[in-house]
Engineer: 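After the structure tokens below, expect a handful of questions from me.
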Protein chains: 2
Amino acid sequence: MENGFETEDDGDDRGLLSDRIRNALTDEIAAGRLAAGAALDEQQLADRFGASRTPVREALRQLAAGGLVELRARRGGVVARMTPERIMEMFETVAEIEAVCVRLATYRMTPLERSRLIELHELSRPIVESGDVNAYDSFNRQFHETIYCATHNGFLAEQAIAIRNRLNAFRRTQLRQGERLSRSRDEHEAIMQAIAEGDGEMASRRMRAHMLNAATSLSRFIEANKPA
Amino acid sequence: MENGFETEDDGDDRGLLSDRIRNALTDEIAAGRLAAGAALDEQQLADRFGASRTPVREALRQLAAGGLVELRARRGGVVARMTPERIMEMFETVAEIEAVCVRLATYRMTPLERSRLIELHELSRPIVESGDVNAYDSFNRQFHETIYCATHNGFLAEQAIAIRNRLNAFRRTQLRQGERLSRSRDEHEAIMQAIAEGDGEMASRRMRAHMLNAATSLSRFIEANKPA
DNA sequence: TTGCCGCTCAACGTATACACTTATGGCATC
DNA sequence: GATGCCATAAGTGTATACGTTGAGCGGCAA
């Protein structure tokens, strides 16, 4: 039972131990159970996961590469300190990269990709009406990733996904409240309009605004729910 | 003597072994001595560097995180395959990110940062006249990194530097020929002009063109020097 | 009392041994 | 002759032991 893992008590011992430890630590950091700045003792973690130091080290190195952990040689690691300022910086960066993506995508997407995107966007209407936040989150990811791919620049798409994932690790709670869903869809609509007109610059500006709206919404949410 | 390292026969045994192996492998990949797609056997590398598999593994993981190596679970690693298309994708991505940076920097930089940038730019005049390519390369890095910092977005700056470094690992030869130096400086001049006028959009467009010029120049160079 | 030196110990970095998975070659069968 | 299965081997994943370094602390001298 007590093996240090959270969600794998169903006997899921498959996969690389180092990967499972990495995922577990990612979750714990994302959930805030491992506070920013907390020391990460390798032996201690190894004991907690019932493993040796080796896979723990591998996991820590990967997390460090992803920016969730800071490692100093011979001094051990700590959970990366994520100030609100830094989170906003990350949001701005994502917003700018998404803006770049949608501009390139507008100029480069094939008719097939365009119709696929339109189709996807239409799919979101019933989701918004149902208010299913998880479903919308899933759709939203697809929508944005479809745009990344339509840039026809695989490297840029990878970077966009990587940064987006990195940011998601710090989304400690569901960002999108009910009313945000319809606003989000309206903003998508405006972006789609610009794409349809072939105006990449316009699409870019609208995407940037869309992302910054989401960030502001999140920031207000955090402000409202922060521990007194 | 034969310890597998290239440039450290002066007894420089300092630093972490894993880091030294990582640097050595980075160099070898960058120089093309380790061809793309080449298998990376851990034991074999360990023997070559006179070390054990442990630091080699650490090095490989770090390289994988940086994108120079691809690792498949229980199947070992290979040097990442870098097609010309992918390199161009990376250049475009850098160009777009730099364009974002200079736009934000134009709107946000402090007077001190502005004068620092002007000062740096002026410094490049004698370097161009001297034709010292290495000195220009060093200046150029400083110039661009100064702009990154002036965005006042540390995360974005980190991303920009990371991608730029990643790209540098594949610059197998000196990119900038003599004539390119003065053209590069002229382009910097145009960017500075836009910054001075507070026109971030203009600075952005010029930066994008500047970066793509450099990429085109490189691509022509590669084309001309590629093995028959 | 303060500052420096050296000690001690905890934690990381590296080496080595073992376990497990995957790939490959040969053999049997269809 | 082709295909599928099994045995063997090569190589990665993990465990553990040892070396090494940096930090904390106490003692001694100025």
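Throughout, protein chains are lettered first and strands after them, A, B, ... in sequence-line order, and every chain is numbered starting at 1. Bear in mind that the values here come from a model prediction, so they are computed numbers and not experimental data.
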Engineer: Give the nucleotide from the list D:dT12, C:dG13, C:dT14 with an atom nearest to the side chain of A:E42.
Structural biologist: C:dG13

Engineer: Which is more 5' along DNA chain D, the nucleotide nearest B:G77 or the one nearest A:R74? Just name the residue.
Structural biologist: B:G77

Engineer: Can you spot which of B:T146, B:I161, B:N168 makes a side chain to side chain contact (heavy atoms under 4.5 Å, CB included) with B:R141?
Structural biologist: B:N168

Engineer: Can you tell me how far P of C:dG13 sits from CZ of B:R22, to the nearest Å?
Structural biologist: 13 Å

Engineer: Given atom CZ of B:R57 and atom C1' of D:dG11, what is their separation to the nearest angstrom?
Structural biologist: 10 Å

Engineer: Could you verify whether a donor N or O on one side chain and an acceptor N or O on the other, from B:H152 and B:E113, lie under 3.5 Å apart?
Structural biologist: yes

Engineer: For a quick check of understanding: with a heavy-atom distance under 4.0 Å over all strands, which category does B:I21 fall into, base, sugar-phosphate or nothing?
Structural biologist: nothing

Engineer: Nearest nucleotide by nearest heavy atom, which residue falls closer to the 5' end of DNA chain C, A:L40 or B:S52?
Structural biologist: A:L40

Engineer: Whole-Å distance between C:dA15 C1' and B:R53 CZ?
Structural biologist: 11 Å

Engineer: Give the rounded distance in Å between these two atoms: CG of A:D47 and C1' of C:dA11.
Structural biologist: 13 Å

Engineer: Using modelled atom types only, decide if a donor and an acceptor are shared between the side chain of B:S18 and the backbone of B:P55 within a distance under 3.5 Å.
Structural biologist: no

Engineer: What's the closest nucleotide to the side chain of A:A73 if the choices are C:dC12, C:dG13, C:dT21?
Structural biologist: C:dG13

Engineer: Got a donor-acceptor pair under 3.5 Å from the side chain of B:R75 to the base of D:dG13?
Structural biologist: no

Engineer: Classify the side chain of A:R72 versus the base of D:dG22 as yes if they form a donor-acceptor pair under 3.5 Å and no if they do not.
Structural biologist: no

Engineer: Rounded to the nearest angstrom, tell me the gap between atom CG in B:D19 and atom P in C:dG13.
Structural biologist: 9 Å

Engineer: Does A:R61 make a side-chain N or O approach to OP1 or OP2 of C:dG13 shorter than 4.0 Å?
Structural biologist: yes

Engineer: Taking the basic N atoms (NZ, or NE/NH1/NH2) and the acidic carboxylate oxygens, is any pair closer than 4.0 Å for A:R103 and B:E96?
Structural biologist: yes

Engineer: How many whole angstroms separate atom CG of A:L45 from atom P of D:dT14?
Structural biologist: 15 Å

Engineer: Over how many whole Å does the gap from B:L16 atom CG to D:dG19 atom P extend?
Structural biologist: 18 Å

Engineer: Using whole Å, report how far CD of B:E58 lies from P of C:dC12.
Structural biologist: 12 Å

Engineer: May I ask you to say what B:A46 touches in the nucleic acid, namely base, sugar-phosphate or nothing, with a heavy-atom cut-off under 4.0 Å?
Structural biologist: nothing

Engineer: Could you tell me whether the side chain of B:S18 has a donor or acceptor atom within less than 3.5 Å of a complementary atom in the base of C:dT14?
Structural biologist: no

Engineer: Might you confirm whether atom CZ of A:R81 has over 12 heavy atoms from other residues, nucleotides or ligands at distances under 6.0 Å?
Structural biologist: no

